[in-house]
Amino acid sequence: MIYPIGIQNFESLINDGYVYVDKTALVYQMATTGRYYFLSRPRRFGKSLLLSTLEAYLSGKKELFRGLAIEKLEHKWEEHPILHLDLNTAKYDAMDSLNHVLDDSLKKWEEIYGTFPTEVTFALRLKGIVERAYEKTGHRVVILVDEYDKPMLQAIGNETLQAEYRSTLKAFYSVLKTQDRYIKLAFLTGVTKFGKVSVFSDLNNLNDISMDDRYINICGITDGELHEYFDNDVALLGERNGLTKEECYTKLKEQYDGYHFDYKTEGLYNPFSILNTLAKMKFANYWFETGTPSFLVYLMKNSNYQLDKLTEEQVPGDFLNSIDSMSRNPIPVIYQSGYLTIKGYNEEFDIYRLGFPNKEVESGFIKYLIPFYTPVEEEKTGFFITNFIMDIRRGAPESFMQRMQSMFADTDYKITGKMELYFQNAMYLVFKMLGFYTDVERTTSNGRIDIVLKTKDYIYVMELKLDGSADDALRQIEEKGYALPFAKDPRKLYKIGVDFSSETRGIKEWKIIPDADA
């Protein structure tokens, strides 16, 4: 089996014999029951391949669909003119960046369908192209836009540039509504949905299928598809990694499944990670390693977001499904980018509960955030994490605390926002990373962080104070009876009291007491 890793062209994929998970029944349903669509999905989730499939189908290339579901559904196979705009091809860091991309595509279409002297704006040029394409071919036009939001996402933090891009695209896309009689299908994809006063305000006939359960699995791989197309490969993957086939399916689900784009729908696997895992016969964080969500970090830090709320977020549906490009709340963007997903839904109040979709996203995102919220340098993150884990596993709490103190010792480290928030965010990341390798129980409130770390041989009960004292922290462990649940546990238990100072921006003191009763 040949895996289409990085292959986004449907014709090339089919002709070169790559495996294709058949989504053509949904493609046919969409093309024959509506006209204007928008789909938001995370990067590397198959959006570009979906557009390419639509292009091949509506170009009348019947031979490419032999043996696929659509072969039995479609009988006309008409050849429509295709206008395919890919906004994923440039770096949008200057006023004219977007203009160059639009002008390049328009000139190529004008070479085929002609132009007119009065068409001096991007919108007028597109309008003329659509009309002449229809007149020249006798078939209505198909308009496909890939990564429509790339310019605005790259301009986050530059309000002037983002406003310019928004204005340009708003006028450009408004043509879709005015040229209704010439258009067979218009399909726009992106990672996020900018709403309200943004690019879609004039395009109110756009059908957003991002949370439409009829099209939930139009991108991504379902559990049934994983079994149908890759069962032998999963068995071999398990064999290579010392797992039974069922154990291998379980690990794949934990690692890459769990994307929910509506409530009460089956989870979806990230196709990029699945294909890479099966091709290389190795589990790794493939999706996360293909890109860094720097714009998300900017949004979180700029809004003073408290990181431990990531897995406790509850938001209304209209808030979740659309973002305003000027909004300071990072949650809709984090969700639409694939770093959070739907975990539950309260139908009475239209409230969604969010969380990380799987281990790949959770561990990758947390590891990525560490250099932005602690003094640990990016290239030293792995070394930093490894040493913390080794200290915990070998029962060396003093060494662990010395490393913790050293981590905060860089007094030149730039801290933005409230000191308490900095402390909470930094501690959240440290213990979240420890949680991937040890058993961590944790509660937080008002700057106080209670931690229970458990390994095969040791238990650590920790109380962290902000501008208090180590004695106060130990006293609270005793008064609250934090160690009592482990009184009959044979593992060695340590009580650790820690005081974090807002004045020095670091750990002022700590005290460690082995529990003789444990």
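Position 1 is the first residue of the sequence; numbering continues from there. Keep in mind the model is a prediction, meaning the values are calculated, not measured.
Here Arg140 contributes atom CZ and Leu58 contributes atom CG; the two are 10.5 Å apart, rounded to the nearest 0.5 Å. Of the inter-residue distances, the one linking Ile274 atom CD1 with Leu268 atom CG reads 11.0 Å to the nearest 0.5 angstrom.
With hydrogens and angles disregarded, no donor-acceptor distance shorter than 3.5 Å links the side chain of Ser12 to the backbone of Asn9. Here the side chain of Ser406 pairs no donor or acceptor atom with the backbone of Arg403 at under 3.5 angstrom. The closest donor-acceptor contact from the side chain of Gln336 to the backbone of Val333 lies at 3.5 Å or more, if one exists at all. Checking side-chain atoms of Thr121 against main-chain N and O of Leu124 turns up a donor-acceptor pair under 3.5 Å. Of the possible donor and acceptor atoms, none in the side chain of Asp149 sits under 3.5 Å from a partner among the backbone N and O of Gly190. Between the side chain of Asn358 and the backbone N or O of Val361, at least one donor-acceptor pair lies under 3.5 Å. In terms of modelled atom types and a separation under 3.5 Å, the side chain of Asp208 and the main chain of Ser210 share a donor-acceptor contact. Under a 3.5 Å cut-off, the side chain of Tyr3 and the backbone N or O of Val19 do not form any donor-acceptor pair. In this structure, the side chain of Ser167 does not engage the main chain of Glu164 through any donor-acceptor pair within 3.5 Å. Between the side chain of Asp262 and the main chain of Thr265, no donor-acceptor pair closer than 3.5 Å is present.
Within 6.0 Å of the NZ atom in Lys367, the count of heavy atoms belonging to other residues, nucleotides or ligands does not exceed 12. Counting heavy atoms of neighbouring residues, nucleotides and ligands inside a 6.0 Å radius, atom NZ of Lys508 does not exceed 12 of them. Atom OH of Tyr134 has 12 or fewer heavy atoms from other residues, nucleotides or ligands within 6.0 Å.
Between Phe10 and Tyr20, the closest side-chain pair of non-hydrogen atoms falls below 4.5 Å. At least one side-chain heavy atom of Glu110 sits under 4.5 Å from a side-chain heavy atom of Arg125. You'll find the side chain of Thr277 stays beyond 4.5 Å of the side chain of Lys282, heavy atoms only. Side chains of Tyr373 and Tyr428 form no contact here, defined as non-hydrogen atoms less than 4.5 Å apart. In this structure the side chain of Lys343 never reaches within 4.5 angstrom of the side chain of His260, judged on heavy atoms. Taking 4.5 Å as the limit, some side-chain heavy atom of Thr192 sits within range of a side-chain heavy atom of Leu153. Using a 4.5 Å heavy-atom threshold, the side chains of Leu307 and Met300 count as touching. Contact annotation: the side chain of Val141 never approaches that of His80 to less than 4.5 Å [non-hydrogen atoms, C-beta and beyond].
Listed by chain and number, the residues in a side-chain contact (heavy atoms from CB on, under 4.5 Å) with Ala186 are Tyr36, Ile143, Leu176, Ile183 (sequence neighbours excluded).
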message = If you apply the rule ring pair (Phe, Tyr, Trp, His ring centres under 6.0 Å), what do you find for Phe38 with Phe187, and how did you get there?
response = CA-CA 6 Å; Phe38 170 76; Phe187 195 101; 8.4 Å; no

task = Verify salt bridge (Lys or Arg N to Asp or Glu O under 4.0 Å) between Asp180 and Arg35, making sure each step is shown before the conclusion.
result = CA-CA 9 Å; Asp180 187 66; Arg35 190 175 299 181; 3.3 Å; yes

ask   = Can Asp223 and Tyr269 be said to form a side chain to side chain donor-acceptor pair (under 3.5 Å), step by step?
value = CA-CA 8 Å; Asp223 194 63; Tyr269 291 85; 3.0 Å; yes

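Minimum interatomic distance between Ile389 and Leu434 (heavy atoms only, all atoms of both residues): CD1-CD2, 3.2 Å. Nearest heavy atoms, Leu87 versus Tyr92: O-OH, 2.8 Å. Listed here is the closest heavy atom pair of Gln29 and Tyr215: NE2-OH, 3.3 Å. For the pair Pro151 and Leu98, the tightest heavy-atom approach, listed with the atom from each and the gap, is CG-CD1, 3.9 Å. Heavy-atom minimum distance, Thr89 versus Asp86: OG1-O, 3.3 Å. Between Pro42 and Lys47 the shortest heavy-atom distance is O-NZ, 2.9 Å.
Between the side chains of Asp350 and Tyr345, a donor-acceptor pair is found at a separation under 3.5 Å. Side chains of Asp146 and Ser48: a donor on one and an acceptor on the other come within 3.5 Å. For the residue pair Gln255 and Asn285, a side-chain donor N or O sits within less than 3.5 Å of a side-chain acceptor on the partner. There is no side-chain donor-acceptor pair under 3.5 Å between Glu147 and Thr189.
Annotation: cation-pi pair Arg41/Phe261 present, NZ/CZ under 6.0 Å from the ring centroid and within 45° of its normal.
Between Tyr57 and Tyr28, the ring-plane angle classifies as tilted under the 30° and 60° cut-offs. Relative ring orientation between Tyr339 and Trp287 is described as tilted, the plane-to-plane angle lying within the 30° to 60° band.
Electrostatic pairing of Glu131 and Lys127 counts as a salt bridge here, judged by a charged N lying under 4.0 Å from a carboxylate O.
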